[in-house]
Amino acid sequence: MARAAVRGRLTWQIANVADAVDETARVRTLVLDVPDWTGHAAGQHLDVRLTAEDGYRAERSYSIASAPGEPVAITVERLDDGEVSPYLTEELRAGDELELRGPIGGYFVWEPEDGGPLLLVAGGSGIAPLRAILRHRGRTGSDVPVRLLCSSRTLPDVIYRAELDEPAPGVEVVQTLTREQPAGWTGYARRVDAALIGEVAWPAGENPLALVCGPTSFVETVADDLVGLGYPAPRVKTERFGATGGR
């Protein structure tokens with residue numbers, strides 16, 4: 001994962017798992033009780049550290065999927081060859097402890113005063129920090145208009161599906177399924193490309209702010225397409241994850 005972070009003044013602390021929610025067959029959201037949490041901004045992330053009995057340690061970064069003021073939550077996609085995600089998605093249970101540090105990052109964040117209109121583009125599990133932004137918008141009473149484009153492989157792979165099926169007023173959710181579509185599907189049925197972005201994105205003349213999160217190739221392609229539509233590069237914020245997601 002490529003992330004901008006300043007970790008020097010952060011310390012590791014122990015969180016308790018308050019709840020574990022299966023979002024899809026491969027994705028789980030962990031709701032955490034972090035006693036010494038200092039608060040976070042919508043779009044930030046945190047580090048998780050696992051320590052084996054022989055002392056071996058593995059660290060991974062995960063976007064915070066909850067809004068400021070809500071219990072800290074992370075959404076984890078299981079990677080079959082992963083060192084950390086199989087444990088978090090299959091073995092960790094409510095009541096267990098988890099070592100973490102954060103919050104981290106100050107670039108890929110949104111506050112109501114940043115304005116909009118907002119264009120949020122997610123590839124697979126890249127929806128996690130964008131969910132935090134949507135929830136923050138709702139909790140603060142912001143009326144900034146939002147369009148969310150979410151790319152997933154299939155309908156069962158859509159993360160936060162129930163939540164996205166009932167968006168808040170002023171939020172438009174656009175789904176594209178890249179591999180398989182159910183009978184009667186009325187959304188998009190292809191990978192995100194320049195033509196799709198051109199159909200969904202706010203006109204550049206409205207000075208929108210775009211936040212794009214997902215696998216590296218997905219993010220770079222979408223960012224290039226937005227700049228090609230006339231979006232100023234500083235108005236396109238990006239966050240890159242590993243090679244997972246809908247593209």
Novice: Which atom pairs, one a donor and one an acceptor, fall under 3.5 Å between side chains of residues 30-37 and the rest of the protein, sequence neighbours left out?
Specialist:
unit_1 : atom_1 : unit_2 : atom_2 : d
Trp37  : NE1    : His40  : ND1    : 3.2

Novice: Is it true that, when you exclude Glu180 itself, more than 12 heavy atoms of the residues, nucleotides or ligands shown sit nearer than 6.0 Å to its CD?
Specialist: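 Atom CD in Glu180 is not packed in, count stays at 12 or less.
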
Novice: Suppose the criterion is salt bridge (Lys or Arg N to Asp or Glu O under 4.0 Å): which pairs have a residue in residues 109-134, not counting sequence neighbours?
Specialist: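 Residue pairs with at least one partner in residues 109-134: Arg131-Glu163.
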
Novice: Can you find a side-chain donor-acceptor pair between Glu83 and Tyr56 that sits under 3.5 Å?
Specialist: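 Note: Glu83 and Tyr56 side chains meet the donor-acceptor criterion.
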
Novice: Is there a side-chain contact (heavy atoms from CB on, under 4.5 Å) between Glu90 and Arg78 once you walk through the steps?
Specialist: CA-CA 8 Å; Glu90 296 176 342; Arg78 186 180 74 251; 3.0 Å; yes

Novice: Using a strict 4.0 Å threshold on nitrogen-to-oxygen distance, state whether Arg190 and Glu199 make a salt bridge.
Specialist: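 The answer is yes: the pair qualifies as a salt bridge.
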
Novice: Donor-acceptor pair, Gln44 side chain versus Ala41 backbone, under 3.5 Å?
Specialist: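 Yes, because the side chain of Gln44 sits within donor-acceptor range (under 3.5 Å) of the backbone of Ala41.
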
Novice: Please give me the minimum heavy-atom distance between Phe218 and Cys213, naming the atom from each residue.
Specialist: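 Phe218 and Cys213 have their closest heavy atoms at CE2-O, 4.1 Å.
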
Novice: Using the side chain to side chain donor-acceptor pair (under 3.5 Å) criterion, which residues pair with Thr75? Sequence neighbours excluded.
Specialist: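 Per chain and number, Thr75 pairs via side chain to side chain donor-acceptor pair (under 3.5 Å) with Thr29, Tyr160.
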
Novice: Shortest non-hydrogen contact from His136 to Ala42?
Specialist: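 The pair with the smallest heavy-atom distance is CB-CB, 3.8 Å.
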
Novice: Side chains of Thr51 and Arg49: do they bring a donor and an acceptor to under 3.5 Å?
Specialist: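 Per modelled atom types, Thr51 and Arg49 side chains form no pair under 3.5 Å.
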
Novice: Which of these, Asp165, Leu177, Thr24, sits in a side chain to side chain contact (heavy atoms under 4.5 Å, CB included) with Val158?
Specialist: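 Among Asp165, Leu177, Thr24, the one that satisfies the side chain to side chain contact (heavy atoms under 4.5 Å, CB included) with Val158 is Leu177.
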
Novice: Test the Arg137-Trp110 pair against the cation-pi criterion, namely NZ or CZ under 6.0 angstrom from the six-membered ring centroid and within 45° of the ring axis.
Specialist: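 Verdict for Trp110: no cation-pi partner in Arg137.
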
